[in-house]
Amino acid sequence: MVQRVAVVGAGPSGLTSLKACLDEGLHPTCFESSRDIGGLWRFKEEPEPGRANIYRSVIINSSKEMMSFSDFPSPADFPNNMHHSEVLLYLRLYAQAFQLLPHILFQRTVVSVRQRPDFPVTGQWEIETEGELGQRETHVFDAVIVSTGHFTQPHLPLHDFPGIEGFDGKYFHSWEYRSADGLQGKRVVVIGIGNSGGDIAVDISRVAEKVYLSSRSGAWLVSRVGEGGLPGDLNSRLDLALGALLSPWSTRALESKLNRAFNHSLYCLQPRHGFFERIPLVNDELPSRILSGRVQMRPNVQEFIGSSVVFEDGSVLDKVDVVVFATGYNYSFPFLPPDLQAKSGHRLRLYRHIFPPGLSPPTLAVVGFISALGAINPLAEMQARWATRVFKGLTALPTQELMLQDIEKDTAAMNQSFVCSERNPLQVNYVPYMDSLADLIGVRPNVAWLLLTDIRLGLRVLLGPCTPYQFRLSGPGQWAGARETILTQWERVLRPFRTRVVPRPRPGRGHGHKLRLLMAVVTGAVAVLVCCLHVKPSLFAVLPPLVPTGVQTS
């Protein structure tokens, strides 16, 4: 019987894994190689090899209601899109609230995780750790959760850039970037248009002579600021239902809407792929930096000659001072046995992205090793909730043959839906994936039943943002505060805006929300029939976000 569980890493995924273990009555011990919690969200003045790093200006792309753990909403006064220091504070509050810190051993690097000789009978593991002074210890656990993330090993493909070894300037990976200090007046080329590349290009452009952002594929660009100034990621189950009914029209409509905000072709950002095929670039400032000439888009780099950069279209930049490679990360788990690192295409061969299919008994789970158009915290939490129930024997896995079939089917579907590569092998549809795990746990909200028995709550679950609190309304891990937290989530969204008193709108101008409510009710019956489908999520609401009538922003 599983009792003692080892958790590797004390970032967001590790912290929620600890809590999931405690919720199931297990006895977890977390091994964290650094001196503090937070993982990626703990800013470090100097890069620490083998650990995730962020730059000083990082702001989270997901809004606080969408990135909160399901039974711990972010404080109402916190901004909707938090600075990294506020994300770390949220994680500290979470760890304190659920008394997680006593279960963490800091400055303990996991060197190896191996099965004990009697593993087929006991399912136990030997964990070898190394302390700060090099001392080694071996521990025995009944189960293991790996939650180390995948932003620790920079991918620096210098072989793809002839002449870089002779480049006269300085070059480094975005993993090393902290701030624009020292780049005043420089000519800088940033290679790669993921979220890090876009952020860093904007950040440097405030002080540099000129920044050139080199992109091979282009990107769909979206803002954190949505309609009416509300967070742009507050999507509902109704959005998903309508998206299923209207796809692919809804995809074309979304791309058209993005091009009305600014023409992607005109700004040299137009990608070859459709919006849902790759995670978009979330950036509020890049268009204005391009408009003002502080950032200039360029094609892929062909080669380096001295201090010059030659692009694939034949254009040449002379006297380049700095090159930043925002070229992603490699992923691996060097402490795991090789047979547990088998791949299906580019992805690890993991059932539901969590369990190695050939492992019996299933006492090892990978949590948080996933990517989606949505926050990692709720995803990792749902994975951990399911994994711990599997450890306890409360939920059974299919046979190895069925798991392998599911993995191959899921891999094929993923490659058909998304542009997957070695650097981006993990993408899933956010809410459908959450719902699929919630089904296995028994915590998926029954929208139709809620509409019949608690219409106020049912409408919020269907029409309001699909926040993680929905997965605490019933079933294992049910939280008594879930209903009230859902009913008050708009209050927490609006609270940070109330920093000064403004005049109330004149009478007669506030009927828009009532009209949208009427439209939502009319379409609700149809939406309920398809809200359980596994469909692509929409970043923008088909209807504007439903703010309850009578709620003022001042």
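No experiment lies behind these values; they were computed from the predicted model shown. One is the number of the first residue; the rest follow in order along the sequence.
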With distance as the sole test, does E491 use its side chain to make a donor-acceptor pair with the main-chain N or O of T488 at under 3.5 Å? no

Between S236 and D239, do the side chains contain a donor N or O and an acceptor N or O under 3.5 Å apart? yes

Would you check if the side chain of W175 reaches a backbone N or O of R51 as a donor-acceptor pair within less than 3.5 Å? yes

Do D142 side-chain atoms and V5 backbone N/O form a donor-acceptor pair below 3.5 Å? no

Cut-off 3.5 Å, side chains only: do T363 and W125 have a donor facing an acceptor? yes

Verify the distance criterion only: is there a donor paired with an acceptor across the side chains of R42 and S34 at less than 3.5 Å? yes

Going by atom types alone, do T16 and Y94 pair a side-chain donor with an acceptor below 3.5 Å? yes

Within the side chain of Q470, is there an N or O that forms a donor-acceptor pair under 3.5 Å with the backbone of V461? yes

Using the six-membered ring wherever Trp is involved, compare the ring planes of H139 and F141 and label them parallel, tilted or perpendicular (cut-offs 30° and 60°). tilted

Counting N and O atoms only, with roles assigned by atom type, does the side chain of D284 sit under 3.5 Å from a partner on the main chain of R224, one being a donor and the other an acceptor? yes

Determine whether the side chains of Y177 and D203 contain a donor N or O and an acceptor N or O closer than 3.5 Å. yes

Looking only at side chains, do R460 and Q489 share a donor and an acceptor under 3.5 Å apart? no

Output, in order, the C-alpha distance, side-chain angles, deciding distance and verdict of side-chain hydrogen bond (donor to acceptor under 3.5 Å, both in side chains) for Y433 and Q383. CA-CA 10 Å; Y433 179 76; Q383 290 181 323; 2.9 Å; yes

Residues R56, D181: salt bridge by 4.0 Å N-O rule: no

Would K44 and D36 pass as an ion pair if we require N to O under 4.0 Å? no

Given side-chain hydrogen bond (donor to acceptor under 3.5 Å, both in side chains), test N283 with D199 step by step and report yes or no. CA-CA 7 Å; N283 198 295; D199 277 354; 3.3 Å; yes

Note: P468 and S70 closest approach over all heavy atoms is O-CB, 3.3 Å

Looking at R385 and L437, would you say the former's side chain and the latter's main chain have a donor-acceptor pair under 3.5 Å? no

Can you establish whether the number of heavy atoms outside Q135 located under 6.0 Å from its atom CD is more than 12? yes

Both conditions, 6.0 Å and 45 degrees, for the charged tip of K64 above the ring of F78: are they met here? no

I need the minimum non-hydrogen distance between L234 and S63, along with the two atoms involved. CD2-OG, 3.6 Å

Polar side chain donor-acceptor pair, S74 to R492, under 3.5 angstrom: no

Taking NZ, NE, NH1 and NH2 as the nitrogens, is one of them in E381 or R472 under 4.0 Å from a carboxylate oxygen of the other? yes

With heavy-atom distances below 4.5 Å as the criterion, would you say the side chains of L15 and I104 are in contact? yes

Could you tell me how the ring of F69 sits relative to the ring of Y90: parallel (under 30°), tilted (30 to 60°) or perpendicular (over 60°)? parallel

Quick check against the 3.5 Å criterion: does D233 have a side-chain atom that pairs as donor or acceptor with the backbone of S62? no

Donor-acceptor check, side chain of S17 to backbone of A384, threshold 3.5 angstrom: yes or no? no

Return yes if some donor-acceptor pair links the side-chain N/O of S147 with the main-chain N/O of V8 below 3.5 Å, else return no. yes

Atom of P231, atom of V493 and distance for their closest heavy-atom approach: CD-CG1, 3.9 Å

Could you check whether atom CZ of R136 has more than 12 heavy atoms from other residues, nucleotides or ligands sitting under 6.0 Å from it? yes

Got a salt bridge between E45 and R178, using NZ or NE/NH1/NH2 to carboxylate O under 4.0 Å? no

Within the 3.5 Å criterion, strictly below it, is a donor on Q400 or S360 matched to an acceptor on the partner's side chain? no

With distance as the sole test, does N377 use its side chain to make a donor-acceptor pair with the main-chain N or O of S68 at under 3.5 Å? no

